[in-house]
Amino acid sequence: MKGSLRKISIYPPVMMLSMYFAVFSYMIPTMMEMFSMNYKQVGVISTVQFAGGAIAQLVCFGIFAALNKTRIIFISLAAVTLCLVWVGFNKVAFLLYVLFFFRGFFGNTVNTLSNALVTDVFDRRKEFFVGLYHSLAAGAAVLGPYLALWLGNSFTVSFEMTAVLIGLSTVVFWFGMKRDIKMPLIANRANFGGMLKFFSLLKINSMVLILVMILLCSFIQNMMVLYITSFGKQLSGVDADGALALAMFLAGLFAGSMLYSVIAHKVGTVKIMLVANILSFAALSAMLLCSSAAAVGFLALAGGLFFGANMPGLFVELAKLVPHDSGAVSALLFLGSIIAGLAAPVVVGAIADEIGIRWALLINMAFFIPTIGLLFFWRKRHIYSAA
């Protein structure tokens, strides 16, 4: 029973952090009204979070990967909770940038080390449990827009409630992992490293290819999550339509990640991702040409479903290349996401201010083209290596 609680306790914090990001994305129109911001300015707030996350990835890669992951996760969860409590009551625009920066740092520390912890704790069927990790995170995020909608689109109440939920998940994590948390701070001195460690990993065959794939997939996913609410709401001016668009895309990610975890060992990651990205490209492009909220919801669900295999699939492939250092592997995965998030929100936001959110997201779809091209190349390399 204790062993099961230990394993289960990894998931609630990540689920609640994903719900937070969905709440944040859904609340973008509210923040724009409350703080008199445009899309570009809101994009800067998102970039600030990713900047904090970028620093977190570097620290995770060079330092935290060698430390007691459970203790660092617990401390970071407490810090995220405090940041969001302050965000909810804050009325000063400038402080938002500071608070979201620290939320980005501590939140991405939790995501990175939790991802690594899954591969450490589960010895067998890693594809399944990594896929479950990503699918549960996406599934919890589906509830985020409706939580904020149910709370009356209140900026203060939405962020305070999110802080409470993350705080509760911290308590669950403590009860499940308290024995691990009390272990020595330094877990594996060999995993300490810096840029030399990073460059040594780049020399591994297929490593650069996977990192570029992570960057492209992260760009597409982050921009859809950030701005699809604004797109959905713009169609009718109804808050619920914005919530529907975001919730359906996240529900698709949930189902896609879960589906990947079930079939990956039978079909193979690269083949799954190639077919799935072609179908996701078609579905999301069609969605952005629709004017019906129902059609947008359906196509967002389909696009998310096919896109959902990307992150768990890329992590599994990375873990195969570096099986001895799960912390570094997880940091590499999230570093690609963070790099994409540094510039993308501002760029896409600026385009949306100039020519509209629909065209900005259609331009975002162009990143599918190199993604699919690289997957064709990767698939061909796998076939030749097998022969």
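All of these numbers come straight from a predicted model, not from anything done at the bench.
- Looking at every heavy atom in both residues, Val296 comes nearest to Ala245 through CG1-CB, 4.0 Å.
- Under the 4.5 Å side-chain criterion, counting only non-hydrogen atoms from C-beta, Thr70 is not in contact with Lys182.
- Using bins of under 30°, 30° to 60° and over 60° for the plane-to-plane angle, the ring pair Phe24/Phe159 lands in the perpendicular bin.
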Item to check | side-chain hydrogen bond (donor to acceptor under 3.5 Å, both in side chains) evaluation trace for Thr269 with Tyr260 | outcome: CA-CA 8 Å; Thr269 295; Tyr260 165 81; 2.9 Å; yes
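- By the 4.5 Å heavy-atom criterion applied to side chains, Gln221 and Phe307 are counted as neighbours.
- Residues Met223 and Phe219 have side chains in contact (heavy-atom distance under 4.5 Å, counting atoms from C-beta outward).
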Tabulate below the donor-acceptor pairs under 3.5 Å that side-chain atoms of residues 28-42 make, not counting sequence neighbours, or state none.
from  : atom 1 : to    : atom 2 : distance (Å)
Asn38 : OD1    : Lys40 : N      : 3.2
Asn38 : OD1    : Gln41 : N      : 2.8
Gln41 : OE1    : Asn38 : N      : 2.9

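- For the 3.5 Å distance criterion, the side chains of Tyr26 and Ser158 fail to qualify, holding no donor opposite an acceptor.
- In the model, Asn310 has a side-chain atom that pairs as donor or acceptor with a side-chain atom of Asn277 under 3.5 Å.
- Within the structure, salt bridge (charged side-chain N to carboxylate O under 4.0 Å, His left out) contacts touching residues 348-370 (residues at least two apart or in different chains) do not occur.
- Between Phe21 and Phe50, the ring planes are perpendicular. Angles over 60° get that label, and only those under 30° would be called parallel.
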Next on the checklist: Quick one, Phe281 with Ile372, criterion side chain to side chain contact (heavy atoms under 4.5 Å, CB included). Give me CA distance, side-chain angles, the key distance, then yes/no.
Outcome noted: CA-CA 9 Å; Phe281 179 35; Ile372 293 168; 4.1 Å; yes
Item to check | Test log, rule side chain to side chain contact (heavy atoms under 4.5 Å, CB included), inputs Leu301 and Phe249 | outcome: CA-CA 5 Å; Leu301 176 67; Phe249 180 69; over 6 Å; no
Item to check | Steps toward side chain to side chain contact (heavy atoms under 4.5 Å, CB included) verdict (Leu375, Met213) | outcome: CA-CA 8 Å; Leu375 283 166; Met213 287 286 304; 3.5 Å; yes
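- Residue Met273 holds its CE atom at 8.0 Å from CD of Glu317, rounded to the nearest 0.5 Å.
- A continuous path of ILVMFWY side-chain contacts below 4.5 Å connects Val92 to Phe102, so both sit in one hydrophobic cluster.
- The number of heavy atoms from other shown groups lying within 6.0 Å of CZ (Phe298) does not exceed 12.
- Within a 6.0 Å radius of CH2 in Trp86, other residues, nucleotides and ligands contribute 12 heavy atoms or fewer.
- Hydrophobic clustering of Ile, Leu, Val, Met, Phe, Trp and Tyr side chains at less than 4.5 Å, counting indirect connections, keeps Phe376 apart from Phe306.
- Between Met16 and Thr162 the shortest side-chain heavy-atom distance does not fall below 4.5 Å.
- Of the residues Val80, Asn108, Leu165, the one that meets the side chain to side chain contact (heavy atoms under 4.5 Å, CB included) test with Leu17 is Val80.
- With no hydrogens or angles considered, a side-chain donor-acceptor pair links Asp241 and Ser236 at under 3.5 Å.
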